[in-house]
Every structure is written in C-alpha cells, then in structure tokens.
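Only one structure is covered here, and it is reproduced in the block below.
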Amino acid sequence: MKSDIYYSGLNKGQSRADCLDILLKGIDGYFSAVRKGSFVGIKMTIGDENSTGNITPDLAGIIVRKLKERGAKPFVFDTNVIYSGQRQNSIDHLDLAYRKGFTPDNLGCPYIIADSVFGTDSRIIKVDLEKIKEIRVPSMVGILDDLVVLSHITGHIMSGFAGSIKNVAMGMASRAGKQIQHSSIKPVINSDNCTLCECCIDMCPVSAIAEKGEKAFINSETCIGCGECISACKFNAVNINWHEDMNIFVERMAEYAHGILSQVKRKIFLNFAFDITDECDCIAGDDPRITEDKGIFASEDILALDKACYDMLKGENDIFSRNGEKAYLHQFEYAGKIGLGSPEYSIIKL
Ligand code: SF4
Ligand code: SF4
C-alpha cells in the first residue's frame, strides 16, 4: 500500500521558514490530533561544533509554536553520542547547543539530552525482531505518546544515506544501544597509508587500537565498531570491510527504529533536504553541498519518507553511493520486509 508523502518544494526567493509553514498547513491533521497537555518530543540533532548544515533553531521553533498552539508541551531532544567530541556528555552537549543557538528563548521550549549526564539512562525494552531482541533507550521512550522527528538529509560514512530511519535508530538509542547497532563494523588499518599519527589511538573509546610494527593496529576483539577511528584518520588508512558488515549494520538500524517507534502512539517525520553534504552533521563541517536544495518532506511512514527523499535526490549517478556500495538500498528493502513502513508512496505537492 502506498503511503502519503507531503512535499513543500523550496521555490526561488522563498525562505525556508515559508517552505516549512506551507508544509505544516498540509499536515495539520497530525497536529490537530495532539492532545492538550501532551508532552511532545521533537527529535533532532544540532550537529557537531563545525557543522553548518544542521536544522536551525528557527525552523525547530516554528514547529514548537505550532504544538504550543494546540496546548501541548513540546521539548526538543537528542541523546549523547559514542564518539569523542562535544556531544559525548550532556554538559558539553548543552554548552554546544546553546552556542549554536538552541536556547529556550530561540526554540520556545527546552533542549533536553534524553539519556542523562553521561548517557547512562539506558532502559531495556524487549522487542521480538530477527536480530534485535531488546532495545536500549532513554527511559522516556515507552512513556511518550507523541513524537515529531526532524531529520537533515545527508550522506553517511557507513550507511551512505542518512534520513529519519538513522535519526530514530541511532539518535533515540542510549549510548549502549548505539554501540550494539555498530558492533559488527570492525574496521581494519591499511598499513601502507598509516603514518602512525596516533589520532585514531587517541580517539578510540575502548582503547582497541595500539601501535604494532610502527603502524596502528586494531584489536577486533576489543573494537565495538563505533567508527570513530574512520573519521579520525586523515590519511585514508582506516578501512571498513563494506562487503561483510554494512548490510548487517543497516538491518540493525532498521530493527532498532522499528523497536523504538513501536513504543510511540503518534509520530510524524519531517525530512529537510537543504545543505546536503556527503558526510552527516557529525563530520561534515562546512563541506561543499553535493546537490541543490529541494525542500521539506513529511509523512507518518518513516520508510516511505526516506525512500521518497532518496529517489528525488539521488540523481543520475546516485550521489549517496560510496565506493560503489549502496547499503541504503538494502536498508529500504529490509525495513519493508520487517514492516517498518512501506517503500511505496504517493507524493502530495503542497
Ligand atoms: S589516524 Fe590513520 S594515519 Fe593516524 S595512526 Fe590511525 S590509521 Fe594511522
Ligand atoms: S577501533 Fe573500533 S572501537 Fe576503536 S574507534 Fe575504531 S571502530 Fe571504534
């Protein structure tokens, strides 16, 4: 069955706020169903320190106002990440958020790090999926009735394409849940390229990398597959075995998203196709944009939404392909198989 995708294209000379306003009028039915007094979580990421492409506070603030008009109690939230940097604990994370303008004044509501100061608020919820039998999530998952997911469409160092599925699967898992999803990604060092600069050794959160014969060496028994060393290496010396692990990684993400969303009654997903970079907002900085801005998409079907965005953005040469690999195609197929949503859709242009 085809799912509806609402699409507000960014017209020449139009502001992004106007583009969002048009979209919100088209999906008014979702907001009308939000009950007075309901706590509504708005999931999004602020990106890393140097990221410039993330969804901005003014756009999130428009959605906050819309929810407040319904008498709801919205809050914007994210979780801590598993790699080092400004979002590994809530203190640094909040400091970064405020510096990037995600303040209560600008948003119109609090910005909350859902998994506590050190990312240890990790509740286990049983699910019955093929690979994932339990999810580890902040304790508010399972209590929230309403969820709005705001995702910035980008490429991604592992899955190739990042949209709502990744935002929910990784971004709504606790740090332990993130590690479980990553855990089959075991990179290897290409010693020909390694200069032993030691950046990866310093960055590895579990000390899985050591010097061996004047090169870095990864102990695959210790490695948790977080991918931090891949972004740390400036010499292209950390390689992923794409053929072995990537499909399992995207399957885990699809199952995690399924498990998390099964705990929420009402949810809607908005994908922002602006400032699309090859890397996600954790890494991209002010990287060049890989395609033109398109607009904003929304749906109650997370799979249909990501698939529609991908189809509209990929272009003739598939801009999201990495080394010829297209793990996201497997993710779409697998997500459909497990009932996360429908890969078929109809676009309603607003
Ligand atoms: S970051 Fe790259 S070059 Fe530096 S030690 Fe690690 S693998 Fe070698
Ligand atoms: S060696 Fe493994 S655990 Fe360490 S940074 Fe790389 S992927 Fe993460």
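Remember, it's a predicted structure, so these values are computed and weren't measured experimentally.
Side-chain contact between Arg87 and Asp78 is present, with heavy atoms from C-beta onward closer than 4.5 Å. Asn106 is not listed as a side-chain neighbour of Asp58, based on a closest heavy-atom distance of 4.5 Å or more. In this structure, Thr103 and Tyr111 have side chains that are not in contact, with every pair of non-hydrogen atoms separated by 4.5 Å or more. Counting heavy atoms from C-beta on, the side chains of Ile218 and Val188 never come closer than 4.5 Å.
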Please set out all donor-acceptor pairs under 3.5 angstrom arising from side-chain atoms of residues 205-215, sequence neighbours excluded.
residue : atom : partner : partner atom : Å
Lys215  : NZ   : Ser191  : O            : 3.1
Lys215  : NZ   : Cys194  : O            : 2.9

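Side chains of Asn247 and Tyr334: a donor-acceptor N/O pair is absent below 3.5 angstrom, by distance only. Looking only at atom types and distance, the side chain of Asp121 has no donor-acceptor partner in the side chain of Ser116 under 3.5 Å away. In this model, no donor atom of one side chain and acceptor atom of the other lie less than 3.5 Å apart for Lys43 and Ser151. There is a side-chain donor-acceptor pair under 3.5 Å between Arg99 and Gln86. For the 3.5 Å distance criterion, the side chains of Asp48 and Ser51 fail to qualify, holding no donor opposite an acceptor.
With sequence neighbours excluded, the residues that form a ring pair (Phe, Tyr, Trp, His ring centres under 6.0 Å) with Phe75 are Phe77. With sequence neighbours left out, the side chain to side chain donor-acceptor pair (under 3.5 Å) criterion links Ser342 to no other residue. Taking His258 as the reference, nothing meets the ring pair (Phe, Tyr, Trp, His ring centres under 6.0 Å) condition, with sequence neighbours excluded. The ring pair (Phe, Tyr, Trp, His ring centres under 6.0 Å) test applied to Phe249 returns His182, not counting sequence neighbours. For Thr277, there are no side chain to side chain donor-acceptor pair (under 3.5 Å) partners, not counting sequence neighbours.
Cation-pi geometry between Lys66 and Phe31 is satisfied (NZ or CZ under 6.0 Å from the ring centre, within 45° of the ring normal). The side-chain tip of Arg266 does not point at the ring of Tyr30 from less than 6.0 angstrom away and within 45° of straight on.
The aromatic ring centroids of Tyr6 and Phe297 lie 6.0 Å or more from each other.
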